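The block underneath contains the structure these notes are about, expressed in structure tokens.
So that the names make sense, note that chain A is the first sequence line, chain B the second, and so on, each numbered from 1. Predicted, not measured: the structure shown is a model, and the values here were computed from it.
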Amino acid sequence: MLQVKKPTIALFLLPTFLFIALINIFPIAYTVYISLTNENTFNEFLQNYHFVGLKNFQSILSEANTALIPVVLLTLLYVAICIGSFLIIGMLTAMILNDKRIRGLKIWRALIILPWAMPSFVTALIWKFLFDYNFGPFNNILRYFTQNVNAGVNWLGSPIPAFIAVVVVNLWLSYPFFTIVILGALQSIPEELNDAAKVDGASTWQRFREVTLPLLVPAITPITVMSGITTFQMFNTVWLITAGGPFTDITKPGATDFVMLYFYNYFTTGAFTNYGKAAATAIIVFILLLIAILAGFRLTGFNREETAK
Amino acid sequence: MLSKKRFALSMVVAITATAMLLAACGSSSTSGSSGTSVNYSGTITIWDDWTGAYLSAKQQIVNNFMQQYPNVKINLVTVNLDDNKLITTEKSGVNAPDIVAFPVDHIGTLATAGVIQPIDSYESAAQLAQTYTAPAAAGVQFNNHVYGIPEVTEIVTMFYNKSMVSASQLPTTTSQMLTFEQTYAQQHPGDYGLVWPPNDAYYNAGFFYAYGASYIDGQGNTQIGSPASVQAATFLQSFNQYLPKSLNNQTASALFSEGKAAATIDGPWAYDTYAKAIGANNVGFAVLPTVDSTNKPISPFVGGKTFMVTKTATNVPLDVAFMKYFTNESNQVTMCVATGEIPANLAAGNNPQITGNAVISAFFAQTKNGVPFPNTPYMSAVWTPMANALVADFQGNTTPAAAMSQAQSLIQKGVQNISGN
């Protein structure tokens, strides 16, 4: 056995530690420091900023009741609807693709990954066009069938259709991931189990409910949690399509003003140059995301020592 | 700690250097109407974002200057112009520029941040007013100090497609504008009359100023909630029945390029795209209409690029002399003919070479109706609320009065954020 002294170990770890300190710890500590000052674009060079205590946090949280809480609730609703539809569509497509009677399975499986493999901003812009009131195909199809040139849903201009639109786009972008993971899990279920249940007289639904689903849970739970967290943090796709709007009252959050969009909008409204407030905002967003992630860990049992196989 | 020490050290060096320079200037300065003599030697570093054809036209002026004054060396550094980048660089003092060519609306932020210095002693407001167009001269003044020399200006004006309408059919008043929109769409189903981004605070500023409402002033006061502003918003909302609901920068530009809109409102940067799309012979220009109720022409923002002298500049008299040389009549004429930019120099704008250029002269003519682009740092509190208010207004999701009063309260909150806690 090779004996290594502790100082030697420390010496070898030092470069990595310094690196982490420089890249991670210092900026985090600096952000906390800035958040307690009134530093901004105008006093940075002149260096006449000073400590203001928790004033930045107070001013952000003072709007909690009118803005922050509704925004978090709206985001949670969005996450719930999105994840629910990912699961249903992902499950259905996976079961179809798992059916050996279907021809050209390999082609279908490759095709279904396409939306997920496309850069999300391209997809978002294409959908934005599809939903367009005047020129978008959805409304044009509607006009064709109703034979009414004035027909059409103002998808991106009215609150509820806009919310539906961003759910649909996120669904399009994310369900293939669910399909692939669920398909993988389905293929690992031995056919004998299903056959045995069949012999016992279980109906199709019973076999799904009692045999397939329980075996899928270990695969579904982590992707659900991961997807939930990314949906909670959703920014670019929704930003490109609605930018948080439509607004019926611009002093209040818009119909698709999810957490990240709300803070971005909040930020660009004059707070852009206010580093202190920006840092405080970053810390609040960090805490919100930390809560979401910890809740996710709890659900998956990620941080439990005795993780089941 | 370390950075503070280093900063202090660099300040000491800078101050000593400045003091020595001033002493040198003082002893040698004997004549000169402006009271300062220029020491034509040393290196000038300029930050700009010029590339391609722009760069070569500007490099030519720089080369001529260096030829005239062989002891002067000028480095053009192409950077992404960003306030924070300049602040950080000035703070560190490493590779800091002497002159920056920023958009004019950055003056307030950079001056308040202390990274650019006033140049009143080398170029007075009166001199500016004689040499440059009125909005350009006003645009470089902040808190009663001159902070820059205008290089080129930018403004939006009306483009029209000569194959779709004739100049005489174009609206000259706001009421005609609405009728034009209505009748053109009726006569040409599927096409549009005049399109512009109704959701953009920059493109629509001209309407608000012509109705008598200003976005923001130097003290952070806004008139967005005023009756005049509500009138402008009401006028803009009345177009929503004739225009596509999703109209924005891209759709407006696409409609005009594809010959589906007879006219649009856009700036000099868009000319090449339109000339290529509908043919240069088909692109016509018209000055934006006049508001009936106030009898004032639609007054868009006059922005553009401005030369500013940084805090760490070593030879300010030379820097200003270069900036004035760069923007003199003959240099402006040659440069603008080559780049298609709009001269800030008054005499250059009236030079036959420019008046003979249909594109540049159209924008130069529109500049006469323009207002200076607000250069106050408070302007950054206006963009987002105004854009959201304009969308809500145009979509008809709120009344014009509600949209404007909501924007007003958001802007006031933003101004508070900027002015400190």
- Message: Any non-hydrogen side-chain atom of B:L247 less than 4.5 Å from a side-chain atom of A:Y133?
- Response: no
Below 4.5 Å from any heavy atom of chain A, which atoms of [X] appear? Answer side chain, backbone, both or neither.
{"X": "B:A389", "value": "both"}
{"X": "B:V115", "value": "both"}
{"X": "B:T112", "value": "both"}
{"X": "B:L255", "value": "side chain"}
{"X": "B:A403", "value": "backbone"}

- Using only heavy-atom distances, determine whether the side chains of B:N397 and A:T248 contain a donor-acceptor pair under 3.5 Å.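 A:T248 and B:N397 do not have a side-chain donor-acceptor pair below 3.5 Å.
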Heavy-atom cut-off 4.5 Å, strictly under: side chain, backbone, both or neither for [X] against chain B?
{"X": "A:K128", "result": "side chain"}
{"X": "A:F131", "result": "neither"}
{"X": "A:D249", "result": "both"}
{"X": "A:I250", "result": "both"}

- Task: List the atom of B:A392, the atom of A:F247, and the distance in Å for their closest heavy-atom pair.
- Result: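 It is CB-O, 3.6 Å.
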- Shortest non-hydrogen contact from A:N134 to B:P244?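 Closest approach of A:N134 to B:P244: OD1-CA, 3.2 Å.
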- For the atom pair NZ (B:K245) and CG (A:L156), what is the distance rounded to the nearest 0.5 Å?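 B:K245 NZ to A:L156 CG: 12.0 Å, rounded to 0.5 Å.
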- Find the distance between CD (B:Q250) and CZ (A:F129) and round it off to the nearest 0.5 Å.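 Going from the CD atom of B:Q250 to the CZ atom of A:F129 covers 13.5 Å.
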- Message: Please rank B:S246, B:G396, B:A111 by heavy-atom pairs under 4.5 Å with chain A and give me the top one.
- Response: B:S246
- chain A contacts, top residue of B:P377, B:A113, B:G114, B:A407 (heavy-atom pairs, under 4.5 Å):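 Most heavy-atom pairs within the cutoff with chain A belong to B:A113.
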More than 12 heavy atoms of other groups within 6.0 Å of [X] [atom1]:
{"X": "A:N24", "atom1": "CG", "value": "yes"}
{"X": "A:W239", "atom1": "CH2", "value": "yes"}
{"X": "A:F235", "atom1": "CZ", "value": "yes"}
{"X": "A:L290", "atom1": "CG", "value": "yes"}

- Query: Taking every heavy-atom pair that is under 4.5 Å apart, which of A:A243, A:G244, A:G157, A:G276 has the most such pairs with chain B?
  - Reply: A:G157
